[in-house]
S.K.: 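Below is the structure I would like to discuss, written out as structure tokens.
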Amino acid sequence: MSAPSSNGPTASAPQPALSQADRLRLDTLRRRLAGDATRFAGYPVNALFDYRELFDLLGLPLNNIGDPWSPSLYGLNTHEFEQEVVAWFARQTHAPEDDTWGYVTSGGTEGNLYGIFLGRELHPEGMVYYSEDTHYSVAKVLRMLHVRNLMVRSNPDGRIDLHDLRETLNLHRDVPPILFLNAGTTMKGAVDDLPGVRAILKDLAIRSYYIHVDAALSGMILPFVEEPDPFDFAHGAHSLSISGHKFIGCPFPCGVALARRRIVDRIARNVEYIGSLDTTVLGSRNGIAPVFLWYQIRRLGESGFRTQTRQCLDAAEYAIRQFAAAGIRAWRHRHSVTVVFPRPADAVVRRWHLAVHEDIAHVITMQHVTPPLIDALVADVAAAS
Ligand SMILES: *Cc1c(COP(=O)(O)O)cnc(C)c1O
């Protein structure tokens, strides 16, 4: 494929061709990836998408540097589309219209870093509480931000243990808590009990606190089911992080960070010496990602995502039935596409790119994980056990 001719100022410059040997290397890479893609069932990533209609945008040096709502001297940006994407996610998560800010991130991890950063800026002496089922990147973020933190036990189903949380909070009542909660844990798809956590805060008369919700995967599932677990701004979250490449699907990682504007304004003032409104974690930012997310959102709409959610949940139920028929006990949370089963033999783990943790593994029934793929996986697991 050649670069589009009518686009950027560099598009017409002659490009040196790749050597024959390098072409062959690319062909080898393509073949390996195509093979691996046929057994891709262990990660919460949708592999079904087609962005070819947007191909010509790759011919431009797009960059969304700066705040999506601030004027920028770097004109080759997609801030308008970024604003629309953020507004759409804000609606899905019941964020107050006049008090919400957000931006398109490099992925769920950056959104979590941003949420903990906001919490710590509000409460510099604060203590972060998070469950042992929390994504591995959070421990690293806590080190980077050098914030006091305590890990809380999880229940066997992956949700934060409210008894342990209450006891731990009670021991440190002099310190404002920054609660890092999960809506869809990585291994078990568990949603922490946000109303339960808030009841504890009320009970202990803790009035100064911050709540960030990591909704990497389930932030794009719960808005589209009946009777979702409470997880969003309507139930007291101050900030939220959702991955873009997981449920929506994208050829590169991306995500969305959302926060109460009032809180972000305080941070923005704190860093005003940098020059303009420096509200994001990164400087140069991906200008393609907002257009890709916008494209899927406009094509599918809420009804399209509702249909996909239903199909993925049905596939999860199908997987549990097939495992049961093979004598393997698998389970999932009600609104989760993460199907947990006993860790199989290492050869099966490698062949299916399964994520494992201690004695469990999971299959995640994303859009491309269809009944024939599930049948093949279950047969492999059963044969090896
Ligand atoms: C995937 C995931 C993350 C990290 O998100 P990235 O988009 O991979 O950076 C964080 N938390 C949870 C619960 C996840 O599943």
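Order of listing sets the numbers, starting from 1, for every ligand and every atom in it.
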S.K.: Which atoms of ligand 1 sit under 4.0 Å from any heavy atom of S243?
M.R.: 5 (O), 6 (P), 7 (O)

S.K.: Could you list the atoms of ligand 1 found under 4.0 angstrom from a heavy atom of G107?
M.R.: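 Answer, ordered by atom number: 7 (O), 9 (O).
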
S.K.: Looking only at the aromatic ring of each residue, does the gap between the centers of W88 and F305 stay below 6.0 angstrom?
M.R.: yes

S.K.: Taking 4.0 Å as the limit for heavy-atom contacts, which would you say applies to T134 with ligand 1: side chain only, backbone only, both, or neither?
M.R.: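 It is neither; nothing of T134 touches ligand 1.
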
S.K.: Tell me which protein heavy atom sits closest to atom 15 (O) of ligand 1, plus the residue, atom name and distance to 0.1 Å.
M.R.: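 Going atom by atom, the protein heavy atom closest to atom 15 (O) of ligand 1 ends up being K246 NZ, 2.9 Å.
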
S.K.: Quick one: does H357's side chain have a donor or acceptor within less than 3.5 Å of a partner on T186's backbone?
M.R.: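 Flag not set: sc H357 to bb T186 has no pair under 3.5 Å.
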
S.K.: Taking only heavy atoms of G108, which atoms of ligand 1 are found under 4.0 Å from at least one of them?
M.R.: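 Those qualifying, in numeric order: 5 (O), 6 (P), 7 (O), 9 (O).
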
S.K.: Could you check whether D99 pairs with R260 (Lys NZ or Arg NE/NH1/NH2 to Asp/Glu carboxylate O, under 4.0 Å)?
M.R.: yes

S.K.: Does ligand 1 have an atom that lies less than 4.0 angstrom from a heavy atom of E110?
M.R.: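 False for this residue.
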
S.K.: Counting from 1, what ligand 1 atoms have a heavy atom of G184 closer than 4.0 Å?
M.R.: 13 (C)

S.K.: Before signing off on this row, confirm whether H135 and ligand 1 have an N or O atom pair separated by under 3.5 Å.
M.R.: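 Such a contact does not occur with ligand 1.
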
S.K.: Can you classify the ring geometry of Y114 versus Y103 as parallel (below 30°), tilted (30 to 60°) or perpendicular (above 60°)?
M.R.: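 It falls in the perpendicular class, over 60°.
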
S.K.: Nearest non-hydrogen atom to atom 12 (C) of ligand 1 belongs to which of D214, T109, T338, I364?
M.R.: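 Nearest option to atom 12 (C) of ligand 1, by heavy atoms: D214.
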
S.K.: Do N64 and T78 have side-chain atoms, one donor and one acceptor, less than 3.5 Å apart?
M.R.: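 Side-chain D/A pair, N64 to T78: present.
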
S.K.: Output yes when a side-chain donor or acceptor of N149 lies under 3.5 Å from a complementary backbone atom of V147, and no otherwise.
M.R.: yes

S.K.: Show every donor-acceptor pair shorter than 3.5 Å between a side-chain atom in residues 338-349 and any protein atom, with sequence neighbours excluded, or say none if there are none.
M.R.:
from: R343; atom 1: NH1; to: E358; atom 2: O; distance (Å): 3.1

S.K.: Just which atoms of ligand 1 are under 4.0 Å from any heavy atom in N112?
M.R.: 10 (C)

